[in-house]
Amino acid sequence: MLDLTTWMSYAFFVLCLALGWGAAGALDFDGILRRSTSRGVRFLLRVGVALVLAEGFRVFLSFVLGPMLDMFVHQSINGFKAY
């Protein structure tokens with residue numbers, strides 16, 4: 001099956017995708033998404049913007065959360081080595 005690390009990676013991607021989807025809707029200042037001709041085009045445009053923003057959130061959160069998680073994991077591994 002899938003291990004915990006794989007599940008955490010998928011959960012992190014879904015979190016970044018949700019943040020990107022919300023940001024794509026919030027960044028629609030001029031109504032570009034509403035002015036498109038069909039619902040399909042609007043959906044595809046928002047998906048594209050959400051994917052680009054999700055990648056940005058992934059990189060940003062990796063730099064922000066990565067050192068904290070590394071410190072936590074490193075301390076817990078060193079703690080287990082003591083026993």
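Along the sequence shown, residues carry numbers from 1.
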Minimum heavy-atom distance Ala24-Val49, with the two atoms named: CB-CG1, 3.7 Å
Ignoring hydrogens, what is the shortest heavy-atom contact between Leu61 and Cys16? Give both atom names and the distance. CD1-SG, 4.2 Å
Here the gap from Phe12 atom CZ to Arg58 atom CZ, rounded to the nearest 0.5 Å, amounts to 7.0 Å
Pairwise distance CZ(Phe57) to CH2(Trp21) - rounded to 0.5 angstrom: 14.5 Å
Is there a path of hydrophobic side-chain contacts, each under 4.5 Å between heavy atoms of I, L, V, M, F, W or Y residues, that connects Leu19 with Val64? yes
Return the set of residues passing side-chain contact (heavy atoms from CB on, under 4.5 Å) with Val52 (not counting sequence neighbours), or none when no residue passes. none
Taken in chain and number order and not counting sequence neighbours, the residues that satisfy side-chain contact (heavy atoms from CB on, under 4.5 Å) with Leu51 are Leu17, Val47
